[in-house]
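Sequential numbering from 1 along the given sequence is applied to the chain's residues.
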Amino acid sequence: MMIPIIYLVLVLVSILLTVQSGHVLYLMLYTWDRADAERKARAPETFIPPRLSFSVLLPARHEEDVIQSTIERVVRADYPAELLEVFVICSQDDDGTVKKAEEKIGQLAREGLHNVRVVVFDDGPINKPHGLNTALPQTTHQVVTIFDAEDDIHPKIFRLINTVMVEERVRVVQAGVQLMNYQSNWYSTLNVLEYFFWFKSRLHYHAHHGSIPLGGNTVFFSRALLLRLGGWDDRNLTEDADMGLRISAMGERVRVVYDDRYVTKEETPPTLGHFIRQRTRWSQGFMQTLKKGTWKKMPTRKQRWLAFYVLVFPRGQALLGLYLPISLGMILILKVPVLIALCSYLPVLLLVAHFLVQMVGLYEFTDAHGLEASPKAVVRMAIAWFPFQMVLAYAALRAMRRQLAGRHDWEKTQHVGAHRGQTEEAESRVA
């Protein structure tokens, strides 16, 4: 009696995985498939004169190696200094980052620039959203934006957002973020391409349907809207996704802008341990947001389903991690009828399609940023494909364990500025 049940489960799981993989593939290709979506995603070709003022929040923890360069890039952006104010946000115990930030602020002050200051908080929880909430009441400008401590922003990003917000009358804009150091380690290429397809295509689908988990930086809010929402949920490990769904539940339109020329450049986590901790935090944050139930307040059934689908995805990754070893075992020890065997291979075909799309994406990404993709990079990506999926599954399982144990502490991801070397390489090629 067990054999038919095993066959039935195998067929059902194979069909479910095939449908899910097909849907993800569609989301990856959304802006390439629909001319109207691609058109809406573009940045304007010309910018209007500066009208909006910006408060820039730079949350930082143990970012001594990168914080001064980030402050420099923000302050030197192509936008009037009087319309920019910058807040470097640190906890009281982070003496190293505070010292480096104050050194930079002193240097800028000697040049006549006085629009940067450090905000220090001494209460808990010690995490990014709590820091943002501490700084928000001190902001005075019309638009509040967030950059991470290692970000390389484009000098014209404020002119771009000023134009979009004024001309399109939107109060929330998500601009592009792109990991750059695609050759740093065995998983970095796949990590870079995740960002590439997420910001270039998938987020536009979510924005179009009014159910969008925002990214953690290079997102711009009307200050009045943030105050109305009461700031960020400082107990949530993915406060950005939570904020996006809260905004969507209000019926607020979010404009997503992706243009390769204006993306904010970041780096992949430097070690596998840091990558796993980052993905654990993201997965657990989605689980927290799912439990919180904001998605249930969406106006339409489709919006609720789309939000639920995104938030439940880490649990699917965890189950996939359990299913893959079982499926491999069944291949070795279980002899099944031909039709069932063919059905079980359907997800494999979709995985091959995913890989081919990402391979093309690698060449498009490198071409857009003045880099070079080689056949060797494709081979490395192919070898890393299965281990990478298992690492994601492990991180999701780890998130489930932390969630069940009631652990919600913020696991820090180290930043070493590896993307800045990649950016300099690209600029030298163009020169």
Side-chain angles (χ1 to χ4, degrees), residues 56-77 84 86-91 94-105 108 116 118-119 126-129 131-132 135 145-155 157-158 174-185 187-189 191-196 198-199 214-220 237-240 262-279 281-282 365 369 371 410-427:
V56 180
L57 305 185
L58 290 178
R61 181 161 179 77
H62 302 311
E63 301 287 7
E64 297 92 334
D65 294 336
V66 294
I67 191 62
Q68 290 192 346
S69 296
T70 303
I71 294 172
E72 177 78 14
R73 285 178 180 266
V74 173
V75 171
R76 306 291 185 189
L84 289 177
V86 183
F87 299 86
V88 182
I89 308 165
C90 303
S91 63
D94 189 3
D95 296 329
T97 306
V98 171
K99 181 180 178 181
K100 287 289 186 180
E102 289 179 341
E103 285 178 2
K104 190 65 181 179
I105 291 170
L108 294 170
V116 187
V118 178
V119 175
I126 299 177
N127 60 27
K128 178 179 177 179
L132 296 175
T145 185
I146 306 156
F147 295 115
D148 287 342
E150 80 280 12
D151 284 351
D152 278 356
I153 70 165
H154 192 279
I157 188 65
F158 298 108
Q174 172 71 70
V177 180
Q178 183 58 61
L179 304 182
M180 293 299 297
N181 53 318
Y182 74 103
Q183 298 189 94
S184 290
N185 49 53
Y187 57 84
S188 58
T189 302
N191 194 194
V192 165
L193 291 174
E194 278 187 311
Y195 271 65
F196 182 70
W198 178 261
F199 283 95
L214 291 169
N217 69 74
T218 322
V219 58
F220 298 78
L237 295 176
T238 49
E239 81 296 332
D240 45 0
Y262 303 114
V263 295
T264 294
K265 297 177 180 179
E266 293 188 347
E267 64 183 320
T268 62
T271 67
L272 183 60
H274 280 286
F275 179 69
I276 290 173
R277 287 192 287 275
Q278 182 192 68
R279 284 313 174 97
R281 175 166 55 83
W282 292 359
F365 158 75
H369 294 284
L371 303 170
W410 191 281
E411 294 187 305
K412 176 76 172 64
T413 303
Q414 182 184 2
H415 301 117
V416 297
H419 58 306
R420 287 174 175 162
Q422 197 78 69
T423 301
E424 290 166 4
E425 176 189 342
E427 290 173 350

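The heavy-atom pair separating Leu57 from Ala135 by the smallest distance is CD2-CB, 4.0 Å. Cys90 and Val98 get closest at one heavy-atom pair: CB-CG2, 3.7 Å. When every heavy atom of Pro59 is checked against every heavy atom of Phe147, the shortest pair comes out as CD-O, 3.4 Å. When every heavy atom of Val118 is checked against every heavy atom of Ala101, the shortest pair comes out as CG2-CB, 3.8 Å.
Residue Gln68 holds its CD atom at 13.0 Å from CD of Glu63, rounded to the nearest 0.5 Å. To the nearest 0.5 Å, the span separating CG on Leu214 from OG1 on Thr238 amounts to 11.0 Å. Rounding to the nearest 0.5 angstrom, the gap separating the CG atom in Asp95 from the OG1 atom in Thr97 is 9.0 Å. Note that CZ of Arg277 and CG of Leu272 are 9.5 Å apart. Values are rounded to the nearest 0.5 Å. Note that the CG atom of Leu108 and the CD1 atom of Ile71 stand 7.5 Å from one another [nearest 0.5 Å]. With values rounded to the nearest 0.5 angstrom, Glu267 atom CD is found 9.5 Å from Asp152 atom CG.
Within the 4.5 Å cutoff, the side chain of Phe199 has no heavy atoms near those of the Val263 side chain. Considering only heavy atoms from C-beta on, Thr70 stays 4.5 Å or farther from Arg73 through its side chain. Residues Met180 and Phe365 have side chains in contact (heavy-atom distance under 4.5 Å, counting atoms from C-beta outward). Taking the side chain as every heavy atom from C-beta outward, Arg61 and Ile89 never approach each other to under 4.5 Å.
The aromatic rings of Trp282 and Tyr195 are tilted relative to each other, their planes meeting at an angle between 30° and 60°.
For Lys104, the salt bridge (Lys or Arg N to Asp or Glu O under 4.0 Å) criterion is met by Glu72, not counting sequence neighbours. Among residues two or more places apart in sequence or in another chain, the side chain to side chain donor-acceptor pair (under 3.5 Å) test is passed with Thr264 by Thr218.
Using a 4.0 Å cut-off between a side-chain N of Lys or Arg and a carboxylate O of Asp or Glu, Lys128 and Asp148 qualify as a salt bridge.
For the side-chain contact (heavy atoms from CB on, under 4.5 Å) criterion with Val74, the lone passing option out of Val86, Ile157, Asp151, Val116 is Val86.
Side-chain polar atoms of Glu239 and Asn127 form no donor-acceptor pair below 3.5 angstrom.
A distance-only check finds no donor-acceptor pair linking the side chain of Glu64 to the backbone of Lys100 [under 3.5 Å]. Here the side chain of Tyr182 pairs no donor or acceptor atom with the backbone of Asn191 at under 3.5 angstrom. Panel note: side chain Asp94, backbone His62; a donor-acceptor pair is recorded below 3.5 Å.
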Please report the C-alpha distance between Asn185 and Phe275 in whole Å, then the side-chain angles of each, then the deciding distance to 0.1 Å, and finally whether the side chain to side chain contact (heavy atoms under 4.5 Å, CB included) criterion is met. CA-CA 11 Å; Asn185 49 53; Phe275 179 69; over 6 Å; no
Apply side chain to side chain contact (heavy atoms under 4.5 Å, CB included) to residues Asn217 and Glu266 and explain how you reach the verdict. CA-CA 10 Å; Asn217 69 74; Glu266 293 188 347; 2.5 Å; yes
